[in-house]
Amino acid sequence: MIEKNYDEHEAFDYIKVNMVNSGLYSDMNGEFLEKFIQGAMESDEKYMKEAGIFPDENAPHPLDEEVIYDEEDAFNFILQDMRQNNEYRNIKDQELEDMIDDYLAYNIQYMEDIGIIS
């Protein structure tokens with residue numbers, strides 16, 4: 001497999017298609033799902049900057065090999081960050097947690113598919 005760089009637009013589309021195809025979000029407004037994915041991606045990027053995975057504002061997206069991306073820490077950071085947004089305060093805790101789990105799983109699957117992690 002040829003390794004590609006992480007493409008935010010491609011990752012967004014990949015995550016969205018997989019979340020929609022899962023059937024778990026069929027009752028959810030498509031625009032809301034898109035806002036959720038965008039918000040999760042932004043929160044995830046904040047986590048990576050805080051964790052030192054992106055050591056510099058101008059750093060490219062490939063992960064710094066010396067820093068480990070901790071999925072549990074990322075999940076907790078994203079959950080806390082998104083809970084601060086009024087749009088997500090009315091979502092039941094378990095539903096938001098499930099959505100974040102799916103976001104993380106599909107984002108990791110995307111990175112595996114393009115060969116930047118294994």
If you define the side chain from C-beta out and look only at heavy atoms, does anything of [X] sit under 4.5 Å from [Y]?
{"X": "K16", "Y": "Y106", "value": "no"}
{"X": "M99", "Y": "L24", "value": "no"}
{"X": "F12", "Y": "D7", "value": "no"}

Quick one: [atom1] on [X] to [atom2] on [Y], what's the gap to the nearest 0.5 Å?
{"X": "F75", "Y": "D101", "atom1": "CZ", "atom2": "CG", "result": "5.0 Å"}
{"X": "Q38", "Y": "E8", "atom1": "CD", "atom2": "CD", "result": "7.5 Å"}
{"X": "I37", "Y": "D44", "atom1": "CD1", "atom2": "CG", "result": "13.0 Å"}
{"X": "N29", "Y": "E34", "atom1": "CG", "atom2": "CD", "result": "9.0 Å"}
{"X": "D102", "Y": "N107", "atom1": "CG", "atom2": "CG", "result": "12.0 Å"}
{"X": "K92", "Y": "E97", "atom1": "NZ", "atom2": "CD", "result": "13.5 Å"}

> Are there more than 12 heavy atoms of other residues, nucleotides or ligands under 6.0 Å from atom CD of Q80?
Replying inline: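 12 or below, so no.
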> Does A40 offer a backbone N or O that forms a donor-acceptor pair with the side chain of S43 under 3.5 Å?
Replying inline: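 A pair under 3.5 Å: no.
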> Which class fits the ring pair Y47 and F77: parallel under 30°, tilted 30 to 60°, perpendicular over 60°?
Replying inline: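 If you compare the ring of Y47 with that of F77, the planes turn out tilted.
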> Between M28 and M19, is a side-chain contact (heavy atoms from CB on, under 4.5 Å) present by the stated rule, with each step listed?
Replying inline: CA-CA 11 Å; M28 189 173 287; M19 288 183 81; over 6 Å; no
Taking every non-hydrogen atom, the tightest pair across [X] and [Y]:
{"X": "E87", "Y": "N85", "value": "N-OD1, 2.9 Å"}
{"X": "L104", "Y": "Y69", "value": "CD2-OH, 3.3 Å"}
{"X": "M41", "Y": "A11", "value": "CE-CB, 4.1 Å"}

>> Would you say the ring centers of Y88 and F32 fall short of 6.0 Å from each other?
In response: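 Judged by ring-centre distance (under 6.0 Å), Y88 and F32 do meet the cut-off.
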> Between F36 and I91, is a side-chain contact (heavy atoms from CB on, under 4.5 Å) present by the stated rule, with each step listed?
Replying inline: CA-CA 11 Å; F36 164 78; I91 297 179; 6.0 Å; no
> What pairs with Y14 under ring pair (Phe, Tyr, Trp, His ring centres under 6.0 Å), at least two apart in sequence or on another chain?
Replying inline: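 Testing Y14 for ring pair (Phe, Tyr, Trp, His ring centres under 6.0 Å), a comparison that skips the adjacent residues, returns Y110.
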> Which residue pairs pass the salt bridge (Lys or Arg N to Asp or Glu O under 4.0 Å) test with at least one member in residues 70-82, sequence neighbours excluded?
Replying inline: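 Checked against salt bridge (Lys or Arg N to Asp or Glu O under 4.0 Å) - neighbours excluded - the pairs reaching residues 70-82 are K46-D81.
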>> Starting from I108, can I reach L79 by hopping between I/L/V/M/F/W/Y residues whose side chains sit under 4.5 Å apart?
In response: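 Hydrophobic grouping puts L79 with I108.
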